[in-house]
Each structure stands twice: as structure tokens, then as C-alpha cells.
Protein chains: 2
Amino acid sequence: MSGSGPGDLFLADCPARLAVELIADKWTVVVLAGLSKGPVRHGELIELIGGISRKMLTQTLRRLEAHGLIRRHAYAEVPPRVEYELTALGATLIEPIHMLAEWARANGDAVLDALDTDPEPVAHND
Amino acid sequence: MSGSGPGDLFLADCPARLAVELIADKWTVVVLAGLSKGPVRHGELIELIGGISRKMLTQTLRRLEAHGLIRRHAYAEVPPRVEYELTALGATLIEPIHMLAEWARANGDAVLDALDTDPEPVAHND
DNA sequence: CAGGCTAGGTTTCCGATAGGAACCAGCAGG
DNA sequence: CCTGCTGGTTCCTATCGGAAACCTAGCCTG
């Protein structure tokens with residue numbers, strides 16, 4: 001695995017690093033998870049993802065679109081309808097995303113618990 | 001998979017969401033990948049991870065420590081030596097991290113390429 | 001016909017954060 | 001005494017994040 005090959009994510013200007021920075025973003029993971037079930041509308045994502053603002057959703061979707069992970073379909077209807085769906089490239093990312101999501105679901109409260117337990121055991125000092 | 005269960009990451013105040021936001025960070029993924037091989041020193045991480053600054057490294061490590069993913073060993077030697085290693089909880093995260101890293105390595109230039117291809121086919125304008 | 005509705009998006013404003021450069025501590029060696 | 005090594009922190013600024021208001025455009029309602 002993470003052999004120090006030339007395509008390694010430890011190099012600052014490597015495509016792998018770019019890819020990591022693309023998805024290692026507060027909203028990206030959640031948005032991709034939301035899209036993993038098929039085409040979803042902007043409004044549906046807003047409803048689905050608690051705490052996201054329209055601005056951040058649009059921004060995240062635009063970035064994913066620019067990087068070829070999702071595709072945008074704007075129907076010239078009224079009221080306007082816009083659907084987003086994963087591209088083939090984006091679909092390959094769903095597996096890792098789901099692993100991450102399942103880890104988060106499984107260990108979420110272990111992490112939360114650590115935040116409580118951590119406060120240093122004792123600094124009995126002098 | 002991502003069933004709309006109660007522990008789902010789509011809820012804003014869910015532990016799962018907290019966990020996702022913990023690791024969905026620019027440096028966290030790379031740092032954890034760097035620690036996946038065993039205990040590593042602060043300085044080694046600086047050398048290993050291209051583009052990271054001391055400040056961001058320390059900050060990232062502190063956060064991971066506070067959330068129970070890594071442990072910090074400060075040896076009272078001179079010059080000071082500090083090693084970081086994964087906790088048991090942190091070790092469970094390595095698998096998803098590696099999947100992400102391998103995806104990044106495999107698809108890094110596809111993403112990079114999409115950035116080039118994307119520029120809209122034509123805006124023939126007026 | 002005027003006003004309001006819907007749905008997606010953009011703009012504005014402001015507080016929070018990221019990030020680099022510079023500085024600090026403590027001791028060994030020349 | 002001055003320099004260097006190692007880990008960490010402080011200062012300062014550019015950028016980001018988020019709430020809310022505004023915009024477009026067509027339809028429906030009164």
C-alpha cells in the first residue's frame with residue numbers, strides 16, 4: 001500500500017493529493033453520499049443534508065462538477081428543476097465514501113466519548 | 001447502505017457527522033496515512049508530507065489526539081523527541097483511509113483531466 | 001393586471017478559520 | 001558566548017463559512 005511511489009499523496013503537487021483535497025472537505029463527503037442513490041434535486045439535497053446552506057451546497061456541487069465527479073441537468077421548466085447525478089468517475093468514489101460513512105456511524109460516539117475522556121488524566125505537578 | 005437510519009450522517013448533530021467532519025479535512029487524511037505505518041516523529045511527518053507547515057501539522061495532530069485517534073509520546077530527551085502513533089480507534093480508520101488514498105492514486109489524473117475537459121463545450125454567445 | 005408562489009442561484013456582510021513566517025525554550029557542541 | 005537541533009506557539013492577514021436578502025422567470029390567484 002502507501003508505498004513511496006511517484007503517485008503518492010505525500011507529494012504536494014501530485015494528482016493524488018489534489019484528489020484527496022477535493023473530497024477531504026466538510027461537505028463533499030456528505031453530498032456525495034447523498035448522490036449515491038441516484039439523481040437528486042438541489043432542493044432534495046437541502047432537505048436531506050442537515051445544516052448545509054444553499055450557498056455551500058451549490059459551491060460544493062460546482063466543484064464536484066468541475067472535477068468530473070458529478071453531472072448537472074438543468075431542465076428548462078418552470079419552476080426550474082435541476083438534478084445532479086454521479087458520473088462514472090464519481091461512482092467509483094462511492095465505495096470509499098461508504099466505508100468512511102460506515103466507519104463514522106460505527107465509531108461516531110467513540111470519538112465523541114474520547115473528547116470527554118481525553119482531558120488529561122492528571123497533571124499532579126509539584 | 002446509507003439507509004436513513006437514526007445514526008445517519010445526514011443529521012447535522014449526529015455523532016457520525018462529527019466523525020466525518022473530523023476526518024474530512026485537508027490534512028487529516030494525509031496525516032493519518034502517514035501514521036499508518038507505525039509511530040512517527042513530528043519532524044518525520046514534516047519531511048514526509050509535502051506542503052504542510054509545522055503549525056497545521058501540530059494543529060491536526062492535536063485534534064486527532066483530542067478525538068482519541070492518535071496518541072502522543074513526548075520523550076524528555078534533548079533535543080526533544082515526540083512521537084505520534086495511532087490508537088486502537090485510530091487504527092480502525094486506516095482501512096477507509098487507505099481506500100481513499102488508493103482511489104486518489106488511481107483517479108488523480110482523471111480528476112485533473114476533467115478540470116481541463118470541463119470548460120464548457122461552447123459558449124458561442126452573441 | 002398586480003402580487004405572490006416556486007426553485008435554483010447569487011450577493012452581501014461579518015465572524016471564524018487557515019496558513020505562513022517569525023519567534024521561543026532548552027541544552028549540547030565548538 | 002553563539003549557533004544549532006527539535007517541537008511548538010504567536011502574530012497577522014487572506015480566505016472561507018454561513019445566515020439572510022435579493023434575483024430570475026413563469027404560473028396561479030385574486
Side-chain angles (χ1 to χ4, degrees), chain A residues 10-13 17-18 20-31 34-35 39-67 70-85 118 120 123 125-126, chain B residues 9-13 17-18 20-32 34-35 39-67 70-85 120 123 126:
Chain A
F10 294 120
L11 303 175
D13 52 354
R17 176 68 76 81
L18 167 79
V20 165
E21 293 187 5
L22 168 64
I23 59 191
D25 174 77
K26 181 175 175 184
W27 294 114
T28 305
V29 173
V30 189
V31 168
L35 289 174
V40 188
R41 301 182 54 173
H42 178 98
E44 289 176 315
L45 285 170
I46 290 283
E47 299 274 315
L48 178 65
I49 303 173
I52 201 172
S53 64
R54 275 207 272 274
K55 182 189 169 188
M56 286 325 293
L57 177 58
T58 302
Q59 189 170 305
T60 304
L61 290 168
R62 288 288 137 87
R63 191 153 51 103
L64 293 177
E65 190 193 9
H67 287 78
I70 67 176
R71 193 172 294 117
R72 181 177 182 271
H73 294 282
Y75 299 91
E77 308 171 351
V78 87
R81 183 163 60 99
V82 180
E83 281 186 349
Y84 296 91
E85 65 174 341
D118 247 314
E120 276 305 281
N125 89 56
D126 59 301
Chain B
L9 75 157
F10 294 119
L11 302 175
D13 51 355
R17 175 68 76 81
L18 168 78
V20 166
E21 293 187 5
L22 169 63
I23 57 190
D25 176 76
K26 181 176 176 182
W27 294 114
T28 305
V29 173
V30 189
V31 168
L32 284 173
L35 289 174
V40 189
R41 300 182 56 171
H42 178 99
E44 289 176 315
L45 285 171
I46 290 283
E47 300 274 314
L48 178 65
I49 303 174
I52 201 171
S53 64
R54 277 204 272 276
K55 182 193 170 188
M56 287 324 295
L57 177 59
T58 302
Q59 189 171 306
T60 303
L61 291 168
R62 287 287 137 87
R63 189 152 53 102
L64 293 176
E65 190 192 10
H67 287 77
I70 68 175
R71 193 172 294 117
R72 180 177 183 273
H73 295 283
Y75 299 91
E77 309 173 351
V78 86
R81 182 164 61 101
V82 180
E83 282 185 349
Y84 295 91
E85 66 174 340
E120 277 305 284
D126 59 297

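Throughout, a chain's letter reflects where its sequence line sits, starting with A, and its residues are numbered from 1. Given the structure is predicted, the values throughout are model-derived calculations rather than measurements.
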For the pair made of [atom1] in [X] and [atom2] in [N], what is the distance, rounded to whole Å?
X: B:Leu61; N: D:dG8; atom1: CG; atom2: C1'; answer: 11 Å
X: B:Ile52; N: C:dG19; atom1: CD1; atom2: P; answer: 9 Å
X: B:Glu83; N: D:dT6; atom1: CD; atom2: C1'; answer: 13 Å
X: B:Arg41; N: D:dG8; atom1: CZ; atom2: C1'; answer: 14 Å
X: B:Glu21; N: D:dG17; atom1: CD; atom2: P; answer: 12 Å
X: A:Ile46; N: C:dG8; atom1: CD1; atom2: P; answer: 9 Å
X: A:Leu57; N: C:dT11; atom1: CG; atom2: P; answer: 17 Å
X: A:His42; N: C:dG8; atom1: NE2; atom2: P; answer: 6 Å

Does [X] make a side-chain N or O approach to OP1 or OP2 of [N] shorter than 4.0 Å?
X: A:Tyr84; N: C:dG9; result: yes
X: A:Arg81; N: D:dG26; result: no
X: B:Trp27; N: C:dA18; result: no
X: B:Ser53; N: C:dG20; result: yes

Exercise for the section: For A:Pro80 and for A:Met56, locate the closest nucleotide of DNA chain D by heavy-atom distance; then report the residue assigned to the nucleotide nearer the 5' terminus. Expected result: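 Nearer the 5' end of the strand: A:Met56.
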Counting side-chain heavy atoms from C-beta on, which of [options] comes nearest to [X]?
X: A:Lys26; options: C:dG8, D:dG17, C:dT10; value: D:dG17
X: B:Arg62; options: D:dG8, D:dT6, D:dG17; value: D:dG8
X: B:Lys55; options: D:dG8, C:dA21, D:dT6; value: C:dA21
X: A:Val78; options: D:dG8, D:dG26, C:dG19; value: D:dG26

Side chains of [X] and [Y] in contact at under 4.5 Å (non-hydrogen atoms):
X: B:Leu22; Y: B:Leu64; answer: yes
X: A:Arg62; Y: A:Glu65; answer: yes
X: A:Ile49; Y: B:Arg17; answer: yes
X: A:Leu45; Y: A:Leu61; answer: yes

Practice task
Using a heavy-atom cut-off of under 4.0 Å over every strand shown, decide if B:Tyr75 touches base, sugar-phosphate, or nothing.
Solution key: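 The answer is nothing, as B:Tyr75 stays clear of every strand by at least 4.0 Å.
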Exercise for the section: Would you indicate what A:Gln59 reaches in the nucleic acid, counting non-hydrogen atoms under 4.0 angstrom: base, sugar-phosphate, or nothing? Expected result: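 The residue A:Gln59 makes sugar-phosphate contact but no base contact.
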Exercise for the section: List the atom of B:Val40, the atom of B:Gly34, and the distance in Å for their closest heavy-atom pair. Expected result: CG2-O, 3.6 Å
Handout entry: Donor/acceptor link under 3.5 angstrom from A:Arg54 side chain onto base of C:dG8
Key = no
